[in-house]
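Just below is one structure, and these are the notes that go with it.
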Amino acid sequence: RQMNPDRAYGEMKAYVEVYLAGIQLDEIREVPFGKYPVEDVRSAACNYLGRIYGNGTYTSCVNRKKQCVEIMRLEKLDD
């Protein structure tokens with residue numbers, strides 16, 4: 001994985017953390033694209049939630065009309 005020379009280390013994590021910290025089960029949060037590419041925001045949001053709650057505990061979609069990534073936290077089902 002390569003660093004993006006246009007951003008400081010941890011910048012994307014810090015950006016999405018503001019919007020996602022403390023998200024509850026079945027809650028939907030919106031993370032605006034802002035100045036970042038949409039897939040970078042989506043990736044950072046999924047990485048953040050995966051680290052805290054585990055993979056499979058969220059779903060995401062891009063809402064281009066609202067210019068945001070929508071994230072919903074889910075209960076993890078047993079594999």
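Keep in mind the model is a prediction, meaning the values are calculated, not measured.
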List for me each residue that meets side chain to side chain contact (heavy atoms under 4.5 Å, CB included) alongside L25, sequence neighbours excluded, and say none if there are none. R73, E75
Taking Q67 for the side chain and K65 for the main chain, is one N or O donor matched with an acceptor at less than 3.5 Å? no
Donor-acceptor pair, side chain of E17 and main chain of A14, under 3.5 angstrom: no
Using every non-hydrogen atom in the two residues, find where [X] and [Y] come nearest and quote the distance to one decimal.
{"X": "A45", "Y": "L20", "value": "CB-CD1, 3.7 Å"}
{"X": "Y36", "Y": "V41", "value": "CB-CG2, 3.7 Å"}
{"X": "I23", "Y": "I71", "value": "CD1-O, 4.1 Å"}

Is [Y] close to [X] at the side-chain level, that is, under 4.5 Å between some pair of heavy atoms?
{"X": "T59", "Y": "L74", "value": "yes"}
{"X": "S43", "Y": "Y48", "value": "no"}
{"X": "V31", "Y": "C68", "value": "no"}
{"X": "M12", "Y": "R7", "value": "yes"}
{"X": "E70", "Y": "V62", "value": "no"}

Could K66 and E30 be called an ion pair, given the rule that one side-chain N must be under 4.0 Å from one carboxylate O? yes
Is any side-chain N of the basic residue among K13 and E11 closer than 4.0 Å to the acidic one's carboxylate O? no
Taking atom [atom1] of [X] and atom [atom2] of [Y], what is their separation to the nearest 0.5 Å?
{"X": "I52", "Y": "N47", "atom1": "CD1", "atom2": "CG", "value": "11.0 Å"}
{"X": "M72", "Y": "I28", "atom1": "CE", "atom2": "CD1", "value": "5.0 Å"}
{"X": "S60", "Y": "R29", "atom1": "OG", "atom2": "CZ", "value": "15.5 Å"}
{"X": "K35", "Y": "D40", "atom1": "NZ", "atom2": "CG", "value": "12.0 Å"}

Near-ring test Y58/Y53, centroid separation under 6.0 angstrom: no
For atom CZ of R64, decide whether the heavy atoms of other residues, nucleotides or ligands shown that lie under 6.0 angstrom number more than 12. no
Membership question, hydrophobic clusters at under 4.5 Å side-chain separation (ILVMFWY): are V16 and Y9 in the same one? no
